[in-house]
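Report on the structure given below.
Here is how names work: the chains are called A, B, and so on, in the same order as the sequence lines, proteins then strands, and each is numbered from 1. Just so it is clear, the values below take in all heavy atoms, side chains as well, and ignore hydrogens, waters and symmetry mates.
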Protein chains: 2
Amino acid sequence: MQSMTISQLARAAEVGVETVRYYQRRGLIAVPPTRSGIRRYEAPTLVRLRFIRRAQGLGFSLEEIGDLLGLDEHTDRVAARAIAREKLTQIEERIAQLQAMAHALRDLVACCEHSPAAQPCPILHTLAQPTRADSYSKSTGAG
Amino acid sequence: MQSMTISQLARAAEVGVETVRYYQRRGLIAVPPTRSGIRRYEAPTLVRLRFIRRAQGLGFSLEEIGDLLGLDEHTDRVAARAIAREKLTQIEERIAQLQAMAHALRDLVACCEHSPAAQPCPILHTLAQPTRADSYSKSTGAG
DNA sequence: CTAAACTCCGTAGTCAGGTACGGAGTCAAG
DNA sequence: CTTGACTCCGTACCTGACTACGGAGTTTAG
């Protein structure tokens with residue numbers, strides 16, 4: 001399959017036709033010239049489309065992917081590495097945030113399971129507590 | 001401060017006035033009756049507002065927070081715990097996804113650092129690779 | 001040669017969680 | 001009693017990544 005219609009291209013890359021058009025509008029993939037109104041796509045466009053999906057899977061936004069697509073495999077290795085490192089840092093930060101949330105939730109659930117039935121729900125009660133949200137974390141001391 | 005204007009309320013909860021109004025539109029906090037056109041807010045509304053912000057900090061969406069706000073501290077402990085557990089599971093899943101991304105990125109960066117300068121950038125090259133995105137993970141063998 | 005399927009392209013809608021705007025009314029200080 | 005700050009409310013706008021719609025043109029199978 002040397003040359004594809006847009007729906008063949010989309011199917012090959014496992015995206016929707018509208019998504020392909022959207023990427024064209026965003027300038028991520030080229031709009032090939034048309035003979036008689038219908039455009040035909042070549043293999044390099046499919047490669048580019050798959051690049052986009054894989055980069056998304058690594059957490060890159062379409063804007064960042066636009067930058068990555070502008071890089072040259074041979075002359076821009078340092079830049080590519082820098083972008084990848086930055087993304088890695090962002091992901092690690094996000095993981096840390098989510099781990100803090102998970103930790104707080106685990107504490108609340110555990111607290112709720114072990115507190116006497118006559119008392120108000122520690123989860124709801126803690127959320128309604130005045131100011132600082134960390135009364136459920138670490139110690140109950142003055143710290 | 002028994003009774004507050006909307007801006008005092010917003011300041012006390014560390015949110016914007018427009019955000020308070022937005023929560024009113026969403027039905028998360030009540031719109032108090034007005035005498036002469038200006039509304040006044042009591043302490044329980046501030047508690048509710050802080051509840052919302054803290055629940056957001058734990059990863060709950062405004063819709064979920066609406067559910068939580070409808071629960072009773074005494075009679076709905078089981079429901080509250082179930083919601084918290086479900087959120088915890090979602091967060092753990094998200095963490096796992098992000099860790100997979102981070103792992104892949106770390107591999108790519110390391111690969112890029114150690115590959116000979118004459119070769120194309122392994123990061124860009126891997127992204128452009130046909131089909132499966134996992135050629136950068138685990139081993140380089142036939143698997 | 002026709003009918004179905006596909007393509008093109010611009011525009012608009014979706015989700016979440018706000019943020020901004022504008023005009024009219026209200027309140028407090030001087 | 002005016003000035004300036006604040007409030008009310010509806011509506012529109014924002015980000016990011018799509019997704020849908022509609023009408024006109026094109027291609028293909030029978």
Taking atom [atom2] of [N] as reference, at what distance in whole Å does atom [atom1] of [X] sit?
X       : N      : atom1 : atom2 : value
A/Ile65 : D/dC18 : CD1   : C1'   : 13 Å
A/Gln8  : D/dT27 : CD    : P     : 14 Å
A/Gln24 : C/dT11 : CD    : C1'   : 16 Å
A/Met4  : C/dC8  : CE    : C1'   : 18 Å
A/Ile6  : D/dG25 : CD1   : C1'   : 15 Å

Legend entry - salt bridge (Lys or Arg N to Asp or Glu O under 4.0 Å): pairs with one or both residues in residues 58-73 of chain A, sequence neighbours excluded: A/Glu64-A/Lys87

Inset, instruction - Would you indicate what A/Thr5 reaches in the nucleic acid, counting non-hydrogen atoms under 4.0 angstrom: base, sugar-phosphate, or nothing? - result: sugar-phosphate

Inset, instruction - Determine the contact category for A/Arg21: base if any of its heavy atoms lies under 4.0 Å from a base atom, sugar-phosphate if only primed atoms, P, OP1 or OP2 are that close, otherwise nothing. - result: base

Under the rule for side chain to side chain donor-acceptor pair (under 3.5 Å), what residues qualify as partners of [X], not counting sequence neighbours?
X        : result
A/Glu18  : none
B/Gln97  : B/Arg94
A/Glu93  : none
B/Glu113 : A/Arg85

Legend entry - Flag for B/Ser115-A/Arg77: side-chain donor and acceptor within less than 3.5 Å: yes

Inset, instruction - May I ask you to evaluate whether B/Thr34 reaches the phosphate of D/dC8, defined as a side-chain N or O under 4.0 Å from OP1 or OP2? - result: no

Legend entry - Below 4.0 Å: OP1/OP2 of D/dT19 and any side-chain N or O of A/Thr19: yes

Residues in side chain to side chain contact (heavy atoms under 4.5 Å, CB included) with [X], at least two apart?
X       : answer
A/Arg48 : A/Ile29, A/Leu69
A/Arg25 : A/Arg21, A/Tyr22
A/Ala10 : A/Val15, A/Val17, A/Val20
A/Pro44 : A/Glu42

Inset, instruction - Please tell me which of B/Ile52 and A/Tyr41 maps to the more 5' nucleotide of DNA chain C, matching each residue to the nucleotide holding its nearest heavy atom. - result: A/Tyr41

Using nucleotides 20-28 of chain C, report all nitrogen or oxygen pairs with the protein that are shorter than 3.5 Å.
unit_1	atom_1	unit_2	atom_2	d
C/dC27	OP1	B/Ser36	OG	2.2

Under 3.5 Å, which N/O atoms of the protein pair with N/O atoms of nucleotides 28-30 of chain D?
none

Legend entry - Donor-acceptor contact below 3.5 Å, side chain B/Arg81 vs main chain A/Val109: no

What are the atom names and distances for every N/O pair under 3.5 Å that joins the protein to nucleotides 15-17 of chain D?
unit_1	atom_1	unit_2	atom_2	d
D/dA17	OP2	A/Leu62	N	3.3
D/dA17	N7	A/Tyr22	OH	3.4

